[in-house]
Amino acid sequence: MASTLAAWRAAAARRGLGIRDLGPAIGVEITGVDLTQPEDPEITAILRGACVERTLLLLRNQQALTPAGYVGFARRFGDELDLHSRRDLCHRDHHEIFVVGNVVENGRAAGAAKVGLNWHTDHYHLAHPALFTFLHAIEVPPEAGETRYANGIAAWEALPEAMRARIAGLRVLHSRARLYRDLFPDATEEQAEAEAARFPDVSHPLVRTHPESGRRGLYLGGEWGSIIEGLPEDEARDLFAELLAHMTKPDFVHEHHWQPGDVLMSDNRCSLHRATEWDEGRHKRRLHRLILLDDTRPA
């Protein structure tokens with residue numbers, strides 16, 4: 001399996017693409033790819049292999065990519081794109097695109113400024129969580145507003161054997177109802193109740209096996225709305241905090257500094273990410289997010 005995944009590097013070199021690892025444990029930039037061009041199956045396979053191996057894939061200078069082309073690019077990797085319940089925060093012509101940032105149109109919020117300001121993997125509250133997440137930078141502040149990504153496979157492999165044995169069989173309960181109020185403080189009571197009814201609590205393994213690489217990794221969910229099952233509350237909270245602190249050490253993290261036109265593709269299956277704050281009063285930030293859902297449960 002590993003040798004098959006590693007083949008993307010040789011294929012990329014053969015196609016004349018540039019490759020630059022962003023850090024020791026996570027992230028790779030590939031240059032020479034124009035996402036406005038028709039799909040090339042070999043390029044798609046290279047990009048998928050890169051993202052699976054490195055958790056995070058960066059493609060810069062994609063300013064010419066239209067919203068329709070962006071949706072088409074994401075569909076090269078699967079068909080099950082998420083449709084967010086907050087339609088008012090989605091692109092007006094492409095509901096699959098959720099707008100992240102302090103966007104105002106016609107005097108009202110047209111984007112979610114507070115989404116992502118916590119460590120999480122996308123849609124961990126679903127029975128079939130997120131597979132890949134795509135972010136396209138439309139407008140970014142000149143400073144701050146970075147996004148951090150953490151590799152749960154590298155973090156798991158660096159844990160002491162005693163800790164790995166302790167947590168290998170544990171599960172985590174994820175609650176969208178608890179999470180929703182933190183993400184959308186402006187939501188009405190009716191919206192919050194509808195969200196809770198639509199997404200019942202779900203349980204996933206704390207340590208999962210990546211279905212493409214075969215490697216194991218931490219799958220925490222999120223620091224908002226997740227709690228380890230089967231332990232006393234204090235112990236569960238402390239263990240989760242300990243694992244989160246470990247997984248988000250600099251050794252396993254890449255902090256991305258946005259440029260207009262950047263496209264980031266991240267593998268949610270053993271990772272976490274977190275947005276960082278910026279001066280919303282002085283600067284605008286608009287990212288277009290697409291989430292491709294998995295067709296299997298974590299195992």
Side-chain angles (χ1 to χ4, degrees), residues 1-82 96-97 121-122 130-137 147 149-154 209-215 217 252-271 273 287-296:
M1 179 77 72
S3 60
T4 302
L5 290 175
W8 70 266
R9 290 184 182 265
R14 187 175 66 251
R15 293 295 298 268
L17 305 180
I19 302 171
R20 180 177 70 92
D21 286 346
L22 301 176
I26 183 171
V28 62
E29 178 183 1
I30 294 183
T31 57
V33 175
D34 181 354
L35 298 183
T36 67
Q37 296 301 305
E39 180 179 8
D40 179 324
E42 184 178 40
I43 295 295
T44 298
I46 289 169
L47 299 184
R48 186 182 188 114
C51 189
V52 168
E53 181 186 314
R54 300 293 298 168
T55 300
L56 177 67
L57 168 65
L58 168 62
L59 302 168
R60 289 204 188 272
N61 303 314
Q62 305 298 326
Q63 291 92 330
L65 185 63
T66 65
Y70 180 43
V71 172
F73 167 64
R75 289 194 184 279
R76 298 177 190 179
F77 303 93
D79 294 323
E80 195 64 32
L81 287 176
D82 178 60
E96 303 95 334
I97 297 174
T121 189
D122 282 331
L131 173 59
F132 296 120
T133 295
F134 306 83
L135 289 171
H136 187 201
T147 304
Y149 292 84
N151 186 339
I153 293 174
T209 300
H210 193 291
E212 291 186 63
S213 72
R215 299 169 71 186
F252 315 124
V253 170
H254 172 70
E255 181 173 85
H256 180 65
H257 299 267
W258 289 98
Q259 296 179 17
D262 284 355
V263 169
L264 280 183
M265 175 180 174
S266 58
D267 187 338
N268 283 278
R269 288 170 288 184
C270 291
S271 69
H273 58 275
L287 305 178
H288 284 177
R289 188 189 76 182
L290 291 167
I291 293 178
L292 182 64
L293 299 176
D294 209 341
D295 58 4
T296 59

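Quick note: numbers below take in every heavy atom, side chains included, and nothing from hydrogens, waters or symmetry partners. The structure presented is a predicted model; accordingly, all values stated were derived computationally and were not measured.
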Which pairs pass ring-ring contact (aromatic ring centres under 6.0 Å, His included) with one or both residues in residues 32-71, sequence neighbours excluded? Y70-H136
The criterion is ring-ring contact (aromatic ring centres under 6.0 Å, His included); which residues satisfy it with H210, sequence neighbours excluded? none
Any donor and acceptor pair, going by atom type alone, linking the side chain of Q62 with main-chain N or O of V33 inside 3.5 Å? yes
For A50 against L57, the heavy-atom pair lying closest together: CB-CD1, 4.3 Å
Starting at CG of L56, measure out to CG of N151 and round the result to the nearest 0.5 Å. 10.0 Å
Hey, what do you get for CG (L292) to CG (D122), rounding to the nearest 0.5 Å? 11.5 Å
Excluding sequence neighbours, so at least two apart, what forms salt bridge (charged side-chain N to carboxylate O under 4.0 Å, His left out) with D262? R60
For C270 versus I153, what's the shortest heavy-atom pair and its separation? CB-CG1, 3.6 Å
Using side-chain contact (heavy atoms from CB on, under 4.5 Å) as the criterion, point out the one residue from L17, I30, V52, V28 that pairs with L47. I30
How close do A130 and N268 get, counting heavy atoms only, and between which atoms? O-CB, 3.4 Å
Atom CG of L287 and atom OG1 of T147: how far apart are they, to the nearest 0.5 Å? 6.5 Å
Report the distance from atom CD1 of I291 to atom CD1 of I97, rounding to the nearest 0.5 Å. 12.5 Å
Could you list the residues that satisfy side chain to side chain contact (heavy atoms under 4.5 Å, CB included) with T44, not counting sequence neighbours? E39, R76, F77
Atom of A12, atom of I19 and distance for their closest heavy-atom approach: CB-CD1, 3.7 Å
Let me confirm one number: the CG-CZ distance from L22 to R54, rounded to the nearest 0.5 Å. 7.5 Å
I need the L135 CG to H273 NE2 distance, nearest 0.5 Å. 7.0 Å
side-chain contact (heavy atoms from CB on, under 4.5 Å) between M265 and L58: does it pass, once the steps are laid out? CA-CA 7 Å; M265 175 180 174; L58 168 62; over 6 Å; no
Please give me the minimum heavy-atom distance between F134 and A74, naming the atom from each residue. CE1-CB, 3.7 Å
Sorted by chain and residue number, the side chain to side chain contact (heavy atoms under 4.5 Å, CB included) partners of A68 (sequence neighbours excluded) come out as T66, H94
Listed by chain and number, what are the side chain to side chain contact (heavy atoms under 4.5 Å, CB included) partners of E42, not counting sequence neighbours? A11, R14, R15, D40, I46
